[in-house]
Visitor: 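Just dropping this structure here.
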Amino acid sequence: MLKTLDGLQRFAASFGYRPDFYVRSPGRINLIGEHIDYCGGLVMPMAIGQATHGWYGFNGTSLIRIFSERFNELAVINPLDVMSGASGHWSDYSQGLLRFSAHRKLGRGFDVYLTSDISAGGLSSSASLLALLSLVDHHALTGQIIPLADQSERLRLAMLCQRVENAYVGVPSGIMDPASVLLGEIMTLSCQTLKYQRLAPISHDYRLVIMDTQVPRTLAGSGYAARVAEVRAIEAVLRSAVPRGGLAQCPPTERDDHLLRLSDPVLKRRAQHIFDEQQRVILAADALNRLDMAGLGALMNQSHRSLSADYEVSCPELDLVCELSVQSGYSLGARMTGAGFGGCAISLVDAKNVEAHAEFVSAQYQRQTGLKPVVQSCEPSVGTEITLLSEKS
Ligand code: GLA
């Protein structure tokens, strides 16, 4: 991570004055509950230490200027003249946010210098960025910094971020990522009611380890949209049998009947995953409460198999890295995390053997694929947070 001082200096070099605020917005993993947030399911995300970082100040004009270190480019946006649709440029997220926030009407300009240490696909860098921008934009509009404790305002911003992804960027994603990033820590979240419950961090004897396959998530956009469309097709077949909250909310006693009604074998497998995954999250929350780590690990393995075979959002490298992780003898369970089609998997690893696990997985994975994975443990993090920079920092 960049030191605050470096960020300050880089901001000053780009904009010619000292920033007043620093904002950090975490990435996230999802322990379990994959591909069910867009049909009212229960999910278990955890915000992590890898994050997007921003330094910002108000510039006394109505313009918004954003420098992205990753793209080494400055985007200058007039909030009264935002582009009407996405153009494929990195600034789409900023444009989309300004389009849907109230900013276009009020216009108090700011400058942001952005960097990120979210190293891989699947850790929700886009929700992390959107959450950061939404909090800064809210600050610019109202003069208020939304504290971590104001959970209802944060959920409101999460819905705004989701709207930007869905209606502006064009990805039909669910609420899980922005809610996780803005609320922080580890929780179960009902994507139907937006009620959530904080969970205690996992037992000290185990670590959650991220395994980055180094496989780009090439299909993530189109494959993801295709899965959402399949879910809508299932809902169209089952019609009134699907509760208002979405497919994942079908009562367990009715699920077998629903599966029988789905004559298309592909749709049947997709529905099977959704029903089973919803149940697994309930069991996983219970296992966590009882400190039953072996139970949690077994559910993670089942979740991965279902995502690979029934939902078909894994890839050979994600399957391999999960298999190797369990084969190492140091992991209780492993599964892909996020949208899939490449990116990262996570594993529940014996804390005393985190390094031995990483060595085993890396060596075997590299031997079999020629790719060098990045294997590193992660800790829960607070949600997106703004800090006032002192004169001395
Ligand atoms: C992506 C989406 C989320 C969720 C996951 C899969 O991360 O942004 O809304 O659907 O995939 O669980």
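Residue numbers count from 1 along this sequence. As the structure lists them, so they are numbered: ligands from 1, and atoms in each ligand from 1.
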Visitor: Test: side-chain hydrogen bond (donor to acceptor under 3.5 Å, both in side chains). Region: residues 195-211. Which pairs qualify, not counting sequence neighbours?
Guide: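 Listed by first then second residue: Gln151-Tyr196.
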Visitor: Can you tell whether the side chains of Glu312 and Arg270 come within less than 4.0 Å, N to carboxylate O?
Guide: yes
Visitor: Select all protein residues for which some heavy-atom-to-ligand 1 distance is less than 4.0 Å, and list them by chain and number.
Guide: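 Ligand 1 pocket, heavy atoms under 4.0 Å: Arg28, Glu34, His35, Asp37, Tyr38, Ser173, Gly174, Met176, Asp177, Tyr224, Gly338, Ala339.
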Visitor: Are the aromatic ring centres of Tyr330 and His357 under 6.0 angstrom apart?
Guide: no
Visitor: Do any pairs count as a side-chain hydrogen bond (donor to acceptor under 3.5 Å, both in side chains) and have a residue in residues 235-248, sequence neighbours left out, and if so which ones?
Guide: Arg232-Glu235
Visitor: For residues His139 and Tyr56, establish whether the separation of their ring centroids is below 6.0 Å.
Guide: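 For His139 and Tyr56, the ring centres are under 6.0 Å apart.
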Visitor: Not counting sequence neighbours, list each pair that qualifies as a side-chain hydrogen bond (donor to acceptor under 3.5 Å, both in side chains) and has a residue in residues 283-296.
Guide: Asp286-Arg290
